[in-house]
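Shown next, in structure tokens, is the structure this report addresses.
Each chain gets a letter, A, B and so on, in the order the sequences are listed, and its residues count up from 1.
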Amino acid sequence: MSGFRGPKGTYDVIPGGREPHERPELWELVEGLARATFERYNYTRVSTPVFEETEVFVRSSGEASDIVRKEMFSFRDKGGRELTLRPEGTAGVVRAYIQHGLYKLAQPVKLWYMGPMFRHERQQKGRYRQHTQIGAEVLGSEDPLLDVEVIALLYELHRSVGVRDEVFYINNIGDFESRRRYFPELRAFLEKHRSELDPDSVERIEINPMRTFDSKDPNTQAVLEEAPTIGEFLSEPAKEHFEQVKAGLEALEIPYEVDERLVRGLDYYTLTVFEAKSGALGAQDTVGAGGRYNGLVSLLGGPDVPGMGFGTGIERILLAASAPEERAAVDVFVVTLVREARAPALRLATELRREGISCDLDYAGRSAKGQFKQADRLSARRVLVLGEDELSGGYVTLRDMDSGEQRGVPLSDGSAALLRELAR
RNA sequence: GUGACCGUAGCUCAGCUGGUAGAGCAUCGGAUUGUGGCUCCGAAGGUCGCGGGUUCGAGCCCCGUCGGUCACCCCA
């Protein structure tokens, strides 16, 4: 009751967990499906530290981003280094790509990761201070078909877990050339309507005018109805890239909607951006999102290498999926009726486990009845009974929990006979 | 960071106009000297989130604080 609790905005994955993301078996499920999916797409699992030099995130996300401005868990180590618990996954992976010269390998390099991210935010449904992302980063290719592959991968991952009521939105936010021509126009328009915008949007006019499209303020949205969109300013290569992405998605029969208002929160995105939203979530309805980031590698001090990736939140995936109600059953439970049977029982259980049979026994000092109850709770299909009679007779009683049938199995010739019986 | 609502056993909750805590489920045991799922009986389990105030007396009223939920902001 009182005493220690987990830190604000965190949760535990434990037996008896209520929310889907608190249930251990559902984590096993998602992690397993993620591994299998990435394996089929030939991605390599990587892992980078959960903290980095603060500057890595400041540079990649942008000084003006909300992440940098108010959401970082930052600290100083004993050597005076400025460090930050990673708020997102891309920056660390790109840092590692540069540091280890992975651009010298055959390109593209296709990577994926899974691990905790930290953001100092007030929590609500689907938003936690520590959450877990599965992410993909592909470096070294600008092929629009790669954009298609990455989106397809996320689509299949979500579908395999059973994310409900999901829509994929995509947009083209242009290359640097397109934006160089678009931003002055958009800024001029926003300045003209400055007095009608909400304060946050006014602030963005200078920082990144496209992000005003993110505003939920009704007045701002009304103004933006008339705003110029990037479509009119796209360079030919940028247009062509997007056309190929759309054609690719159609060829794979992946449903999507173009949303010209879609702008991602991080400044490093270029060209293709996308977002997967689920109606099964609350206000935080983005299950996964990503895009192309052709300037990021050089921004972090590497060569001019393009990149494309996504991040998807395991908590949100589970929240948006229909949760199966099964629990893992144990194959065999060993019941002991006298003290002297306990050591032999553990020996028996160990032999079975070595043969790949899942098996458990009582460590709580339960009565015989209590042990059978426990076996039932664990959905054990078979129970092995070791009592006085069995010990002196050199056999074990095998009970089938469904039929209630019991028979003795001799232990004299090792476990072969028993295994044969269990296999039936 | 802002706002609203909430905080009583492991879980879900009851607790009257303030008189010092109860149920169901779960757990353990028994009825059935070595046998589960049904039933019955019993036991164990609570600093009433925490701190302060008012009062003869606070789970209940007041203030603060911590935590939760949802929304804003933003995002996975």
Side-chain angles (χ1 to χ4, degrees), chain A residues 1-11 14-19 21 61 65-71 86-90 114-135 154 158 163 198-201 203-204 211 214-217 263-266 275-278 281-290 310-320 333 335-338 341 362 364-391 397-402 404-406:
Chain A
M1 281 307 298
S2 56
F4 293 118
R5 306 193 206 205
K8 187 182 177 75
T10 63
Y11 62 91
I14 44 167
R18 293 273 155 165
E19 298 296 326
H21 61 275
S61 297
S65 65
D66 280 56
I67 284 186
V68 170
R69 273 169 36 186
K70 46 191 196 192
E71 294 173 2
R86 65 180 179 201
E88 53 95 26
T90 302
M114 177 162 60
M117 305 296 161
F118 305 84
R119 291 182 198 173
H120 194 109
E121 300 184 279
R122 187 89 157 241
Q123 96 253 45
Q124 67 188 78
K125 190 179 183 70
R127 190 170 79 182
Y128 305 92
R129 289 189 168 185
Q130 175 176 337
H131 74 278
T132 312
Q133 281 188 35
I134 294 170
L154 181 62
H158 284 180
V163 172
D198 63 282
D200 281 336
S201 295
E203 221 179 293
R204 288 174 184 155
R211 291 200 46 220
D214 272 341
S215 175
K216 282 175 192 160
D217 183 82
V263 188
R264 308 258 46 248
L266 304 177
E275 209 165 294
K277 293 191 179 205
S278 166
L281 293 174
Q284 309 302 316
D285 58 357
T286 301
V287 187
F310 70 71
T312 183
I314 295 187
E315 294 80 0
R316 289 190 186 173
I317 289 176
L318 290 175
L319 245 21
F333 194 89
V335 168
T336 56
L337 302 172
V338 288
D362 178 62
R366 286 189 180 85
S367 63
K369 175 178 168 167
Q371 292 182 55
F372 275 92
K373 238 184 137 163
Q374 178 66 5
D376 192 51
R377 259 195 295 260
L378 297 178
S379 312
R381 299 193 327 270
R382 308 289 175 75
V383 161
L384 294 174
V385 185
L386 271 182
E388 229 164 339
D389 298 349
E390 287 84 354
L391 285 180
T397 298
L398 170 62
R399 177 184 177 86
D400 182 301
M401 291 296 271
D402 295 326
E405 274 173 49
Q406 297 193 177

In this structure, how many angstroms lie between the [atom2] atom of [N] and the [atom1] atom of [X], rounded?
X        : N     : atom1 : atom2 : value
A/Asp198 : B/C73 : CG    : C1'   : 10 Å
A/Leu337 : B/U33 : CG    : C1'   : 12 Å
A/Glu19  : B/U69 : CD    : C1'   : 10 Å
A/Met117 : B/C75 : CE    : C1'   : 13 Å
A/Leu281 : B/A76 : CG    : P     : 14 Å
A/Arg377 : B/A26 : CZ    : P     : 10 Å
A/Phe4   : B/G67 : CZ    : P     : 14 Å
A/Phe310 : B/C75 : CZ    : C1'   : 17 Å

Across all strands, who's sitting opposite [N] as a Watson-Crick or G-U wobble pair, both distances under 3.5 Å?
N     : answer
B/G59 : none
B/G10 : B/C25
B/C72 : B/G1
B/C16 : none
B/C40 : B/G30

Does A/Arg316 get its side chain close enough to the base of B/C75, under 3.5 Å, for a donor-acceptor pair? yes
Once hydrogens and angles are ignored, does a donor-acceptor distance under 3.5 Å link the base of B/G36 to the side chain of A/Arg399? yes
May I ask you to say what [X] touches in the nucleic acid, namely base, sugar-phosphate or nothing, with a heavy-atom cut-off under 4.0 Å?
X        : answer
A/Gly16  : nothing
A/Gln371 : nothing
A/Lys369 : base
A/Ala289 : sugar-phosphate
A/Glu88  : nothing
A/Arg119 : base
A/Val383 : nothing
A/Gln374 : nothing
A/Gly9   : sugar-phosphate
A/Arg18  : sugar-phosphate

Looking at every non-hydrogen atom in both residues, tell me the closest pair between A/Val68 and A/Ser61 and how far apart they are. CG2-CB, 3.9 Å
Provide the closest heavy-atom pair for A/Leu319 versus A/Glu19 in the form atom of the first, atom of the second, distance. CD1-OE1, 4.0 Å
Quick check: are there more than 12 heavy atoms from other residues, nucleotides or ligands sitting under 6.0 Å from CZ of A/Arg366? yes
A quick test of your reading: do over 12 heavy atoms of other residues, nucleotides or ligands sit less than 6.0 Å from CD of A/Glu388? no
Heavy-atom side-chain contact between A/Asp400 and A/Arg381 under 4.5 Å: no
Report yes if the side chains of A/Arg119 and A/His131 come closer than 4.5 Å at any heavy-atom pair, otherwise no. yes
Using the [atom1] atom in both, what is the distance from [N] to [M], to the nearest Å?
N     : M     : atom1 : value
B/C60 : B/G22 : C1'   : 15 Å
B/C16 : B/G7  : P     : 13 Å
B/C11 : B/G52 : C1'   : 31 Å
B/G45 : B/C5  : P     : 37 Å
B/C13 : B/G18 : P     : 25 Å
B/U27 : B/U12 : C1'   : 16 Å
B/C62 : B/C6  : P     : 12 Å
B/C61 : B/A14 : P     : 14 Å

When you get a sec, tell me which of [options] is the closest nucleotide to the side chain of [X]?
X        : options             : answer
A/Glu390 : B/G34, B/C28, B/G3  : B/G34
A/Arg122 : B/C75, B/G36, B/G1  : B/G1
A/Glu121 : B/U69, B/C72, B/A76 : B/A76
A/Gln284 : B/G36, B/G29, B/C73 : B/C73
A/Thr286 : B/G34, B/A76, B/U35 : B/A76

Going by number, which of residues 124-132 of chain A have a non-hydrogen atom under 4.0 Å from RNA chain B? A/Gln124, A/Lys125, A/Gly126, A/Arg127, A/Tyr128, A/His131
Side chains of A/Gln406 and A/Thr397: do they bring a donor and an acceptor to under 3.5 Å? no
Pairing donors with acceptors under 3.5 angstrom, does anything connect the side chains of A/Glu275 and A/Thr286? yes
Relative to the ring of A/His21, is the ring of A/Tyr128 parallel (under 30°), tilted (30 to 60°) or perpendicular (over 60°)? tilted
Determine, step by step, whether A/Asp362 and A/Val335 satisfy the side chain to side chain contact (heavy atoms under 4.5 Å, CB included) criterion, reporting the C-alpha distance in whole Å, the side-chain angles of both residues, the deciding distance to 0.1 Å, and the verdict. CA-CA 7 Å; A/Asp362 178 62; A/Val335 168; over 6 Å; no
